[in-house]
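Just below is one structure, and these are the notes that go with it.
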There are 2 protein chains.
Amino acid sequence: MAKVKIHSKEIPVKTIGRLSQYRRALLICTLKGKTHIFSHEIAAIQHVTAVQVRRDLMLIGFNGSLKQGYNIRNLIDVISEILDYEEGVNVAIFGLGNFGRALFNYFYGKRSQLRIVATFDSNTEKIGTEYNKVYCYSPYRVEEIVKKKNIKIAILTVPPKRALEVAKKLVDAGIKGILNYTSTPIDVPDDVFLDEYDMITTMEKAAFFVKMNELKL
Amino acid sequence: MAKVKIHSKEIPVKTIGRLSQYRRALLICTLKGKTHIFSHEIAAIQHVTAVQVRRDLMLIGFNGSLKQGYNIRNLIDVISEILDYEEGVNVAIFGLGNFGRALFNYFYGKRSQLRIVATFDSNTEKIGTEYNKVYCYSPYRVEEIVKKKNIKIAILTVPPKRALEVAKKLVDAGIKGILNYTSTPIDVPDDVFLDEYDMITTMEKAAFFVKMNELKL
DNA sequence: ACAGTATTGTTATTTATTTAACAATAATGA
DNA sequence: TCATTATTGTTAAATAAATAACAATACTGT
């Protein structure tokens, strides 16, 4: 899944990510009363080049004016039409440990598009309780609840040893996207979106570059 | 900072990340008593192709045997020599909110290489307390403490509005790497490692792909 | 009227990364 | 002995993405 077709043009996956970022920058600009913006201004807020902004906008077929730049309101609308899911998306968190709860709080109420509608944890003390008004279910009920609540995306924060098993269950239950924050890489069919972010790897990479830079001196 | 020289060979940044992952897979294998492993076995654990594993190992100059594959112990040592920082690396967390605490717990004690030696928060109730035996400082003391404790890497989990300001302070104080988990993109000089991971963008991307896949049906 | 300027939109080039292809090798077993 | 097999190591090709280059345009000030 490397490119995506929109308006019969191929759009790089990375452009999709940037569009989301552009939109956030644009929303802030509207709050300040700005109505138009130049590519280099967007570029300065996010850290990309002005060329990349123009190229991304070209790909989605959005045109600016030569002297005023891009109409912010229109651009937000066009990006939203591409990114957003009309009826919103139901999300569930699997693993209500520290990290799961943090992610919960991070999202809760931030974007109405993305609704956290259930949590799952194998700890019997948590099962049956509510966390911020969202019920915590036993992992045994994954299939049932995913279907009943029409959950499309799963945030995976279970212990690394459980990751594979839970992921399999999720796929079987018909989940459409998984954000895997465990350190265990998982495999999913092609039609399931997967994002894996491993903090240990990131930290080790950071440490490595720190070392490299010191050696250069 | 796109490639890195090791043994006079150019190594892609992504390879560095995979080496870290390979090592983790290998460590698990040694626990199971395995001594040798084939490229396709490593590939199956992480989700990359066998070719990519072989290519990565070629780049770091590690040789396997034709019939047994790669010696796990030796490979771990070679990867460690590349990745690890002899004296370890001191890390600090900036912003002890839910997310900051979750990251703290995630790392605490996991890798002796990476030591969390300080936390910072602007909440006066947190300043001066200890969280898991690590002192929480006022942001006013960033420069002083970063230097005194030789902190090389910063985990940034402050509110998005503070991100730019704190990042600037960190760079001024001589930090060498920043992992930015706020939704505000920051800019750093070339010699500072930067990793940005924005969960909102990731979720929106996930929702987008879910939508795309449904439209295909 | 027209040179100068700043910007967009698009094509071309470059760079980075992955994937494919395949020779070399060593063990196996007919 | 020699074809078969499974693997590594490496070069070549393909793919993906970012960057550069630049024509087209519309406004400004002289």
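Throughout, protein chains are lettered first and strands after them, A, B, ... in sequence-line order, and every chain is numbered starting at 1.
One interatomic measurement links the two molecules: CD1 of B:Ile37 to P of D:dT7, which rounds to 12 Å at whole-angstrom precision. If you take CD1 of A:Ile16 and C1' of D:dA16, they are 15 Å apart, rounded to a whole angstrom. The interatomic distance linking A:Asn71 (CG) with C:dT8 (P) rounds to 13 Å, in whole Å. Remark: P of D:dT10 and CG of B:Leu57 are 11 Å apart, rounded to the nearest angstrom. Rounding to whole angstrom units, NE2 of residue B:His36 and P of D:dT8 are separated by 12 Å. What separates CD of B:Gln68 from P of C:dA27 is a distance of 9 Å, to the nearest Å. B:Ile11 has its CD1 atom 13 Å from the P atom of C:dT18, to the nearest Å. Separating the NZ atom of A:Lys14 from the C1' atom of D:dT19 is a distance of 14 Å, rounded to the nearest angstrom.
With D:dT7, D:dT19, C:dT17 as the choices, the nucleotide that has an atom nearest any side-chain atom of B:His40 turns out to be D:dT7. Counting only heavy atoms from C-beta on, B:Gln52 has its side chain closest to C:dT18 among C:dT18, D:dT8, C:dT7. Considering only side-chain atoms of B:Arg55, the nucleotide from C:dG9, C:dT18, C:dA12 that sits closest is C:dT18. Here the side chain of B:Met58 is nearest to one of C:dT19, D:dT11, D:dT8, namely D:dT11. Distance from the side chain of A:Pro12 is smallest for D:dA17 among the nucleotides C:dT7, D:dA17, D:dA6. The side chain of A:Tyr70 lies closest to C:dT8, out of D:dT10, C:dT8, C:dT18. Proximity note for B:Leu66 (side chain, C-beta onward) versus D:dA21, C:dA24, C:dT7: the nearest is C:dA24. Across C:dT5, C:dA20, C:dG9, the shortest atom-to-atom separation from the side chain of A:Arg54 is found for C:dG9.
Using a 4.0 Å cut-off between a side-chain N of Lys or Arg and a carboxylate O of Asp or Glu, B:Lys147 and B:Glu143 qualify as a salt bridge.
Where B:Val51 and A:Gly64 meet DNA chain C, the nucleotide closest to each residue was compared, and A:Gly64 sits on the side nearer the 5' end. Residue-to-nucleotide proximity on DNA chain D shows that, of A:Asp56 and B:Lys67, the 5′-proximal contact is made by B:Lys67.
When heavy atoms are screened at a 4.0 angstrom cut-off, A:Thr15 is found touching no nucleic acid atom at all.
Between D:dA18 and A:Arg18, a contact under 4.0 Å exists linking OP1 or OP2 to a side-chain N or O. The phosphate of D:dT8 has neither OP1 nor OP2 within less than 4.0 Å of any side-chain N or O from B:Asn63.
Considering all non-hydrogen atoms of both residues, A:Pro185 and A:Asn180 come closest at CA-ND2, 4.2 Å.
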For this session: Mind running ring-ring contact (aromatic ring centres under 6.0 Å, His included) on A:Phe99 and A:Tyr181 for me, showing each step along the way?
Result: CA-CA 9 Å; A:Phe99 199 42; A:Tyr181 293 109; 5.7 Å; yes
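Judged by distance alone, the side chains of B:Arg73 and B:Thr30 never bring a donor and an acceptor atom under 3.5 Å apart. In summary, the side chains of B:Thr202 and A:Asp195 do not present any donor paired with an acceptor at a separation below 3.5 Å, with no hydrogens or angles considered.
Heavy-atom neighbours of B:Glu86 CD from other residues, nucleotides or ligands within 6.0 Å: at or below the threshold of 12.
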